[in-house]
Amino acid sequence: MSKSKVFCIGAVIWYRCMDNRQSYLTLIGRRLAYLKAEVELLNSLNLTDINVYAENFYRDFFNLLGYEFENTNFIENNFAHIDLIDTKNKLAIQVTSQNDNKKIKEAIDGFYKDTNRKDYKLKLLLIAKDAKDYKTKFGNNFNHKEDVLDIKKILAVINNITDFDKIKSIADFLNEQVLQERKKTESNEVETIMALIEYLSKDDNRSISEKPENVDPQFKIYNRFSDHSVFLINLYADLCTVYQQPLFEAKQGIDSVKAIKISSYLKDESDKILTVEANNPQIALERLVELFYGKLSENGIKFDKIAIKYYLLDELINCNVFPNN
């Protein structure tokens, strides 16, 4: 292979890597900015439960950067004035939604009051506001320009990471943890399906239930897809224990008119795909999952593919998916 061809191939790979890197950095920025806005909004309404979530979230987030933080709420020793501690790297963080001088000074004075902590570096993480150009002399070698962290400073740190895999792992983590609201751009029946899947995608809405004794009592799947019935029935049965109860709850708000419109839409779309895939429901199901996954992801937001698959399997049993044959 000529040197010019090698150079061209190398250039293409480099540009693709740079393009992927920028995509991940953009996603990271959007997720962190969204979380910041959510914290600020909920705190303004005195709904502070999200602050507790933020402690564990940022514990796991910083640990992706190479630290070994623990949440002090789960440690027996008394760690007043801090939320996260890394005993190996001698680093402590207070996670706060306040950015005023008084809050910072109280944290510093309170933390270093214990002489056993003199070797620790203290940082404040602002999860809802931006850092200020503080004029106060805080003491204890606390440099507010470096030690008061906000989202902008965190993004600057991530932008300087040269390890592409680490950036990807951060983006993947944020994609799983921060579930943004999706802009509504589809027809009403599709939006209803999206809402059902969004409900199923949230961990808090799931609950374990008993596995049904007979998944397909009327042999709908067997009669339509005998060659694939074992696979489809077993797949549905496995997912039932996690998703059947939340799906039942999510469907309570759907009236008969919406149900008919959804059924008609699913029949049309799934039948087209099944025809293209030579009446193979396994392949067609994966295609249909990808179709809805793509719609959900149009705004850069990822949802649970397994939740999508379960929903479609449930509609398959109800003959709303792959109605032909």
Candidate pair Asn320 and Ile262, rule side chain to side chain contact (heavy atoms under 4.5 Å, CB included), full reasoning: CA-CA 8 Å; Asn320 292 325; Ile262 289 172; over 6 Å; no
Ionic contact status for Lys267 with Asp271, cut-off 4.0 Å: no
Side chains of Tyr236 and Asp314, donor plus acceptor under 3.5 Å: yes
Validation row: Glu269, Val321 side chains within 4.5 angstrom (heavy atoms): no
Point-to-point distance, once rounded to the nearest 0.5 Å, from CD1 of Ile283 to CD of Glu277: 5.5 Å
Over 12 non-hydrogen atoms of neighbours within 6.0 angstrom of CG in Asp268: yes
Path from Phe248 to Leu239 over hydrophobic side-chain contacts below 4.5 Å: no
Least distance between heavy atoms, Asn99 atom then Ile104 atom: O-CD1, 4.4 Å
Spacing of Glu70 atom CD and Asn56 atom CG [to the nearest 0.5 Å]: 11.5 Å
Check against ring-ring contact (aromatic ring centres under 6.0 Å, His included), Tyr112 and Tyr120: CA-CA 9 Å; Tyr112 287 110; Tyr120 276 81; 8.8 Å; no
Joint cluster assignment, Leu174 & Ile161, ILVMFWY side-chain distance < 4.5 Å: yes
CG on Asp130 to NZ on Lys36, rounded to 0.5 Å: 3.5 Å
Aromatic plane relationship, Phe173 with Phe61 - under 30° parallel, 30 to 60° tilted, over 60° perpendicular: tilted
Residues Thr136 and Asn101: side-chain donor-acceptor under 3.5 angstrom: yes
Transitive ILVMFWY side-chain link Leu313 to Phe231, under 4.5 Å: yes
Residue pairs passing the side chain to side chain donor-acceptor pair (under 3.5 Å) test where at least one lies in residues 153-162, sequence neighbours excluded: none
Distance-minimising heavy-atom pair for Lys123 and Phe142: CA-CE1, 4.5 Å
Pairs involving residues 35-56, ordered by first then second residue, that meet ring pair (Phe, Tyr, Trp, His ring centres under 6.0 Å) (sequence neighbours left out): Tyr53-Phe57
Flag side-chain contact, heavy atom, 4.5 Å: Leu122 against Asp147: no
CD1 on Ile28 to CD1 on Ile167, rounded to 0.5 Å: 6.5 Å
Nearest-0.5 Å distance that lies between atom CD in Glu146 and atom CG in Leu149: 10.0 Å
Leu266 and Tyr311, any side-chain heavy atoms less than 4.5 Å apart: yes
Stepwise ring-ring contact (aromatic ring centres under 6.0 Å, His included) check, Tyr134 with His144: CA-CA 7 Å; Tyr134 301 97; His144 73 84; 5.5 Å; yes
Contacts of Asp100 that satisfy side-chain contact (heavy atoms from CB on, under 4.5 Å) - sequence neighbours left out: Gln98, Lys102, Lys103
Heavy-atom side-chain proximity of Ile93 to Leu124 below 4.5 angstrom: no
pair Ile154-Ile158: side-chain heavy atoms closer than 4.5 Å: yes
Worked check of side chain to side chain contact (heavy atoms under 4.5 Å, CB included) between Phe69 and Tyr58: CA-CA 9 Å; Phe69 281 109; Tyr58 279 107; over 6 Å; no
Phe225 side chain near Leu274 side chain, heavy-atom distance below 4.5 Å: yes
Backbone N/O of Gly139 and side chain of Lys105: donor-acceptor pair under 3.5 Å: no
Minimum heavy-atom distance between Cys319 and Arg224, given as atom pair plus value: SG-NH1, 3.6 Å
Side-chain donor or acceptor of Ser263 paired with backbone N/O of Ala259 under 3.5 Å: no
Option passing side chain to side chain contact (heavy atoms under 4.5 Å, CB included) with Ile127 (candidates Ile151, Asp150, Asn51, Thr96): Asn51
Shortest non-hydrogen separation from Glu68 to Asp86 and the atoms involved: N-OD2, 3.0 Å
Lys305 charged N/C atom sitting above Tyr293 aromatic ring, 6.0 Å / 45°: yes
Least distance between heavy atoms, Leu27 atom then Ala171 atom: CD2-O, 3.6 Å
Where Ile273 and Ala284 come nearest, the two heavy atoms and their spacing: CG2-O, 3.7 Å
Donor-acceptor contact present, side-chain Arg117 to main-chain Phe111, <3.5 Å: yes
Distance, nearest 0.5 Å, that separates NE2 of His228 from CG of Leu235: 13.5 Å
hydrophobic_cluster_shared for Leu35 and Leu65, side chain cutoff 4.5 Å: yes
Salt bridge Lys251-Glu315, side-chain N to carboxylate O under 4.0 Å: yes
